[in-house]
Amino acid sequence: MTTRDISLVALMAAVIVALGLVPAIPLSAGVPITLQSMGVMLAGLILGPKRGAAAVLVVIALVALGLPVLSGGRGGLGVFVGPTAGFLFGWVLAAFVAGFLAQVFEASEKSTLVRTVQLSGAAILGGIVVLYACGILWLAFFVKMGLVKAFWVSVVFTPGDLVKAIAAALITVQVRRAVAIERK
Amino acid sequence: MIASLARPGASLLHRTPAARKLAGLALAATVLFFVEDARLLAGAVLVGLVAARSTGATFAAIGRDLKGPALVLAVLGLVDWWLIDGTTALVVVLRLGAIALLAHAVTVTTTTAELTEVMERLFLPAERLGLLDASRAALTVTLAIRFVPLITQEAREIRAAQAARGLEGSILALAVPLLVRIVVRAETLADAIDARGFPPDRSSSGRDQETNERPRSP
Amino acid sequence: MSDTTPESAGRAPVSGAMGLSQTIVFSDVSVVRDGRIALDRVSIGFEEARIGIVGLNGSGKSTLLRAMIGLVKPSAGTITVDGRDAVGEARAVRRTTGLLFQNPDDQIVMPIVAEDLAFGLKNHGFSRAEIAVRVAGALDRLGIAGLSERRIHELSGGEKQLVALAGVLALAPKTVLFDEPTAHLDLKNRNRLRDVLHALPEQAIVVSHDLDLLAEFPRVVMIEAGRIVRDGSAEAVLGHYRGANR
């Protein structure tokens with residue numbers, strides 16, 4: 001990892017944390033929806049598989065160090081042994097897969113619309129399919145819920161994450177227009 | 001710097017070395033995973049409560065801190081009760097509750113500095129296994145800690161500026177500038193890190209690199 | 001090089017006398033960045049106590065500074081600092097040549113002031129005891145000893161720039177490069193930095209849009225499209241620069 005990689009990874013980790021602290025929809029009544037999981041998708045889509053996954057690992061390190069960096073001010077070791085830990089660990093794979101697919105699709109990029117669709121696909125496959133697989137597996141076995149039930153409990157959150165995936169794709173397209181950045 | 005979840009105090013747990021607490025927690029969590037007896041788990045919850053209370057926190061404070069996880073547990077318990085049966089639900093809730101209390105006790109009595117030291121010690125064998133470069137990994141984590149307050153502030157400023165233009169609901173209007181800024185900043189930051197001599201040359205630590213002398217006090 | 005009498009102490013420093021300067025030589029240096037020519041066959045030497053560099057945005061002045069410590073590799077030509085190659089011996093060059101960036105938030109790396117000052121020293125292999133001494137010394141020197149245990153994000157822009165400078169000075173360099181040091185500072189802090197700069201015994205090479213900062217310099221260089229187009233006294237070169245950009 002070059003010094004520039006270190007800088008990008010650390011700054012992206014900070015963005016993931018910041019997105020957990022700023023509400024997605026300022027006036028949403030009830031549950032504050034944050035964009036932290038979108039930050040994870042963006043890490044992969046923008047930085048690529050290795051650096052994106054590294055950014056997530058840094059966030060996990062911050063949690064382990066007892067810092068309240070997960071949305072809702074959560075942090076500390078309890079997160080790693082709780083029911084949602086699978087989603088946290090799954091973030092690493094999510095960023096990697098999203099970044100990997102973004103790289104694969106890069107070669108065949110054509111119009112903005114196609115690019116956006118491809119990146120949405122990458123975000124969905126990584127940030128939803130792979131992520132939920134990890135989260136559901138953990139929930140099923142750690143909480144002894146069984147795969148099917150864990151699936152149905154988790155799938156409730158997919159609509160929001162679908163919106164975030166598409167947003168992540170749109171954001172990535174715009175960011176790459178503004179600055180040149182390769183995927184690693 | 002982001003405020004850590006640790007609280008000052010002088011309890012036994014506060015004085016226990018971090019590595020021991022972490023190992024103990026990992027062991028406890030593993031063992032409890034295999035316990036199915038609700039009575040034993042209830043005992044574990046009691047142990048957890050005692051541990052949490054011993055840190056100096058009042059029960060009220062513990063309740064406040066664990067409000068979120070407690071809610072998740074309650075929902076999980078209800079779901080398990082509905083989808084499976086009451087006994088399973090009870091066992092799950094008790095197990096996770098015990099672990100959450102023990103983890104909380106460790107988190108509250110261990111400072112970020114102590115945990116960072118453990119982390120850096122864990123990096124060394126990982127480096128020998130070729131998994132990472134210890135000094136680079138440590139710097140990356142520290143940089144993230146350094147930049148979280150700044151990036152969070154910038155996010156809020158962008159939000160405020162967008163609100164003035166009626167765009168406060170727009171996710172793109174927040175995320176795009178935020179990300180563009182960090183990509184630009186990364187260039188200069190990398191230059192600054194290089195300019196300040198990173199990475200350290202480990203072959204001659206303790207020696208002044210230019211003159212190869214041991215530094216003298218002025 | 002200029003020696004000065006005590007009456008003007010605080011205005012122009014006596015750097016050469018303490019060995020606090022280096023000879024930096026560019027030999028036919030060209031730098032290409034992102035397909036653009038940033039430096040175009042530049043040949044020049046710097047050894048004075050104070051050198052100013054002016055030019056419009058994109059003229060190559062920042063590239064010139066960065067090349068001096070090997071942050072930018074020339075596509076042709078060589079740069080030496082007291083005989084050492086800026087690229088091949090970058091580590092040794094960076095040990096004696098510091099660089100202060102425009103925005104302190106781009107160069108402060110640690111969450112706490114004292115830790116950040118220690119960063120450069122640790123990288124260059126100083127012992128813990130030596131680091132403690134030098135950190136305290138650098139903070140004292142700039143009058144910010146009280147900031148030692150403060151958190152970076154609680155500091156003002158001016159304080160952060162001083163912390164960044166203290167980090168550079170802690171290494172006791174012979175030369176300090178300044179890349180638009182007052183660009184992000186308000187008037188009060190700009191004046192504070194100007195005073196610090198004037199009293200600096202180390203050699204200083206300063207890129208700046210703030211022309212008054214360079215007014216007392218013995219030598220100012222003007223760069224345009226990657227080429228040195230003017231080189232002389234502050235009065236002459238700044239006068240020309242102002243005139244050309246009215």
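Because only heavy atoms are used, hydrogens play no part in the values below, and waters and symmetry mates are left out as well, while side chains stay in. Chain naming here is simple, since letters A, B, ... match the order of the sequence lines and numbering starts at 1 in each.
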Checking heavy atoms, do the side chain of F198(B), its backbone, both or neither come under 4.5 Å from chain A? side chain

What's the spacing between L174(B) CG and L19(A) CG if we round to 0.5 Å? 6.5 Å

Which heavy-atom pair separates L62(A) from A144(B) by the least distance, and what is that distance? CD1-CB, 4.1 Å

So, the part of R181(B) with a heavy atom under 4.5 Å from chain A: the answer is neither

Does a sphere of radius 6.0 Å around NZ in K50(A) hold more than 12 heavy atoms from other residues, nucleotides or ligands, not counting ones at 6.0 Å or beyond? no

Minimum heavy-atom distance S4(B)-L67(A), with the two atoms named: CA-CD2, 3.7 Å

Is chain B contacted by the side chain of I181(A), its backbone, both, or neither, given a heavy-atom distance below 4.5 Å? side chain

Taking A186(B)'s backbone N and O only, do any of them form a donor-acceptor pair with R4(A)'s side chain (distance below 3.5 Å, no angle check)? no

Side chain, backbone, both or neither: which part of V79(A) has an atom under 4.5 Å from a heavy atom of chain B? neither

Ranked by heavy-atom pairs below 4.5 Å to chain B, first place among A167(A), A168(A), P83(A) goes to P83(A)

Hey, is CD on E157(B) packed in by over 12 heavy atoms from elsewhere, all under 6.0 Å? yes

Would you say the side chain of V141(B) lies within less than 4.5 Å of the side chain of L65(A), judging by non-hydrogen atoms? yes

Relative to chain A, which segment of V92(B) carries a heavy atom at a distance below 4.5 Å: side chain, backbone, both, or neither? side chain

Separation of L189(B) CG from L8(A) CG (nearest 0.5 Å): 9.0 Å

Which distance, rounded to the nearest 0.5 Å, do you find between the OG1 of T140(B) and the CZ of R51(A)? 12.0 Å

Interatomic distance, CG@L179(B) vs CD1@I171(A), rounded to 0.5 Å, equals 7.0 Å

Please lay out, stage by stage, how M1(A) and D133(B) fare under the test side-chain contact (heavy atoms from CB on, under 4.5 Å). CA-CA 9 Å; M1(A) 282 226 156; D133(B) 178 304; over 6 Å; no

Contact origin within A64(A) toward chain B - heavy atom pairs under 4.5 Å: backbone

So for V15(A), is it side chain, backbone, both, or neither that comes closer than 4.5 Å to the heavy atoms of chain B? both

Neighbour count above 12 (heavy atom, 6.0 Å) for F100(A) CZ: no

Please report the closest heavy-atom contact between S7(A) and I193(B), naming both atoms and the distance. OG-CD1, 3.9 Å

Note: vs chain A, highest number of non-hydrogen pairs under 4.5 angstrom among V79(B), V72(B), T116(B), L66(B) is T116(B)

Measure the spacing between CD1 of I182(B) and CE of M12(A) and express it to the nearest 0.5 Å. 4.5 Å

Does atom CZ of F33(B) have more than 12 heavy-atom neighbours, drawn from other residues, nucleotides or ligands, at distances under 6.0 Å? yes

Taking all heavy atoms of G73(A) and all of L5(B), pick out the closest pair and write down the distance. O-CD2, 4.4 Å

Region of L42(A) that comes under 4.5 Å of a non-hydrogen atom in chain B: side chain

Looking at chain B, which one of G78(A), P68(A), A55(A), G72(A) has the largest number of heavy-atom pairs inside 4.5 Å, strictly under? P68(A)

Nearest 0.5 Å, please: how far is CZ in F80(A) from CG in L22(B)? 10.5 Å

So what's closer than 4.5 Å to chain B heavy atoms on L77(A): side chain, backbone, both or neither? both

What part of E117(B) is in contact with chain A, defined as an atom under 4.5 angstrom from a non-hydrogen atom: side chain, backbone, both or neither? neither

Counting only heavy atoms closer than 4.5 Å, note whether V179(A) contacts chain B via side chain, backbone, both or neither. side chain

If one checks every heavy atom of I46(A) against chain B at 4.5 Å, the contacting part turns out to be side chain

Distance-minimising heavy-atom pair for T3(A) and A190(B): CG2-O, 3.6 Å

Under a 4.5 Å heavy-atom cut-off, does chain B meet the side chain of M38(A), its backbone, both or neither? side chain

V59(A), V175(A), V153(A): which one forms the most heavy-atom pairs within less than 4.5 Å of chain B? V175(A)

Least distance between heavy atoms, V81(A) atom then A29(B) atom: CG1-CB, 3.9 Å

With only heavy atoms counted, which part of L172(B) is less than 4.5 Å from chain A, the side chain, the backbone, both or neither? both

